[in-house]
Amino acid sequence: MKLKQYLSLNDATNYLSAALEEQVSVADIYELSLEGHIAISIRLTNQAYAKKVGSAPGRELIDGEHQVAPVLADEVDEQVHIFNGIYDLAMFGEERFEIRKLYQQAIQEDNPVLSELSGFYVKHEGSIYKLLESLPVSNSEESQISKEARLESLLKAKGLTSQSQFDDPLSAFENFDAEEILEISRLVSPFPGDEFREAISIPANTYQFVIRPTELHRLVAKLNNPLLIDGKVESKLLPLEKRTLLNVIHILLKELRIDPNVRGISSSISLLSDKAGIAISDNTIRKVLKDVVEYSD
């Protein structure tokens, strides 16, 4: 465990189940991640390209209700970064939607509606990056490293190296089809005006969801000592305070004519919380509504 950089989600559930002495499921891990208690990461299984973006962007409402239009994340610069390895999910773009979808499938409920920011975002060394679906092509210095990396990747897939195209170019190009040759030509020597053309398509990013051992250790320590959070003592919610809060929720639900017993109401409230930018899972909402009903009876 100490030597591993990551654990699969299934291995993570086994570790948590043993450490906490209670059964932990993959659905539990998805829920903990959506509520911000544990960070899920991705292990890229192919070479990816990314651009740094500004801080986590907000979202805006369209027509006042059901649609949420993501506000675009501004790119910090034109530098294209090459990503290999493990990166934490930023949890505000399509990566969060993927976790929400997997969670809904795990608890055998309908798939959620996409309301997150367009694009797949990860964290790296304190910054946020957006994984690219295509590679910008130009003669600029910012794109040079990524072009060379993509060229090397294409050649490597055919058992060649960058030197092969110079040693025996005719034989080297016999291994590629017309589209691949065109891509190599644009990578080696971009056409005039290429910066104004569409970028080169690249293979879809392939990855595995994993969890870093440090995250598991932190979560276990937090659960075993619930009063200690980030090194600070946090007071527990007393029964009287909990009952008061649940009664307030009951009054608000009654005023809004929302029946907590209606099937599917938790999904509707979850959608409203997503629109408000607050991550609350369906399962958590169901638990709260159940408590509301019990305390109000």
Side-chain angles (χ1 to χ4, degrees), residues 5-6 30 33-34 36 38-62 67-103 112-154 183 186-187 190 194-212 215 274-275 277-279:
Q5 288 186 303
Y6 66 88
Y30 291 145
S33 174
L34 290 169
I38 192 169
I40 291 180
S41 306
I42 58 167
R43 182 179 71 88
L44 291 166
T45 53
N46 66 343
Q47 184 168 267
Y49 305 88
K51 279 191 175 184
K52 184 186 291 188
V53 300
S55 59
R59 295 180 295 171
E60 62 181 7
L61 214 58
I62 293 180
Q67 295 178 332
V68 176
V71 178
L72 294 179
D74 296 326
E75 294 178 358
V76 173
D77 53 41
E78 291 301 313
Q79 180 69 49
V80 178
H81 302 263
I82 302 164
F83 275 11
N84 295 287
I86 302 170
Y87 303 88
D88 293 342
L89 301 180
M91 294 299 283
F92 60 75
E94 292 174 15
E95 71 285 354
R96 184 177 185 276
F97 173 70
E98 185 66 22
I99 297 298
R100 280 207 299 138
K101 185 169 63 175
L102 289 170
Y103 172 68
V113 177
L114 176 63
S115 61
E116 285 79 7
L117 189 70
S118 176
F120 200 106
Y121 297 83
V122 297
K123 296 178 181 179
H124 179 56
E125 296 181 349
S127 297
I128 297 174
Y129 294 80
K130 179 180 181 180
L131 299 185
L132 301 181
E133 297 178 349
S134 58
L135 189 63
V137 175
S138 72
N139 286 311
S140 67
E141 184 177 341
E142 289 84 359
S143 66
Q144 191 60 37
I145 295 176
S146 59
K147 288 192 302 180
E148 291 175 356
R150 174 58 183 158
L151 177 60
E152 193 67 37
S153 177
L154 282 169
E183 180 179 350
R186 293 183 65 191
L187 289 169
D194 243 349
E195 59 268 27
F196 303 109
R197 298 177 51 178
E198 291 184 1
I200 292 177
S201 296
I202 53 179
N205 295 312
T206 57
Y207 53 84
Q208 172 192 13
F209 286 126
V210 298
I211 296 183
R212 301 177 191 269
E215 273 297 290
D274 287 338
K275 289 181 178 180
I278 303 171

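These numbers come from the heavy atoms of this one structure, side chains and all, not from hydrogens, waters or symmetry mates.
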- The side-chain hydrogen bond (donor to acceptor under 3.5 Å, both in side chains) partners of N84 (sequence neighbours excluded) come to none

- Can you list the residues that meet the side-chain hydrogen bond (donor to acceptor under 3.5 Å, both in side chains) rule with S127, with sequence neighbours excluded?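 For S127, no residue satisfies side-chain hydrogen bond (donor to acceptor under 3.5 Å, both in side chains) once neighbours in sequence are set aside.
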
- Query: Between H124 and F83, how do the two ring planes meet: parallel, tilted or perpendicular, split at 30° and 60°?
  - Reply: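 The arrangement is perpendicular - the two ring planes meet at more than 60°.
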
- Angle class for the H81/Y129 ring planes (parallel below 30°, perpendicular above 60°, tilted otherwise)?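 Ring orientation, 0 to 90° scale: perpendicular.
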
Any side-chain heavy-atom pair from [X] and [Y] closer than 4.5 angstrom?
X: V122; Y: L131; result: yes
X: I128; Y: F92; result: yes
X: K51; Y: V80; result: yes
X: R100; Y: S33; result: no

- Query: Rounded to the nearest 0.5 Å, what separation is found between the CZ atom of F209 and the CG atom of L89?
  - Reply: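 If I round to the nearest 0.5 Å, the distance is 5.5 Å.
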
- Set of residues satisfying ring-ring contact (aromatic ring centres under 6.0 Å, His included) with respect to Y103, sequence neighbours excluded: none

- Applying ring-ring contact (aromatic ring centres under 6.0 Å, His included) to F97 and not counting sequence neighbours gives none

- Results of side-chain contact (heavy atoms from CB on, under 4.5 Å) for Q208 - residues two or more places apart only: Y6, S8, R43, V210

- Item | Non-neighbouring partners of A39 that pass side-chain contact (heavy atoms from CB on, under 4.5 Å), sequence neighbours left out | E215

- Item | Given L34, I40, L114, L117, the one that forms side chain to side chain contact (heavy atoms under 4.5 Å, CB included) with R96 | L34

Using every non-hydrogen atom in the two residues, find where [X] and [Y] come nearest and quote the distance to one decimal.
X: N46; Y: T206; value: OD1-N, 3.2 Å
X: S41; Y: I86; value: CB-CG2, 3.7 Å
X: L132; Y: N205; value: O-ND2, 3.7 Å

- Query: Do Y121 and Y87 make the cut of ring centroids closer than 6.0 angstrom?
  - Reply: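 No.
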
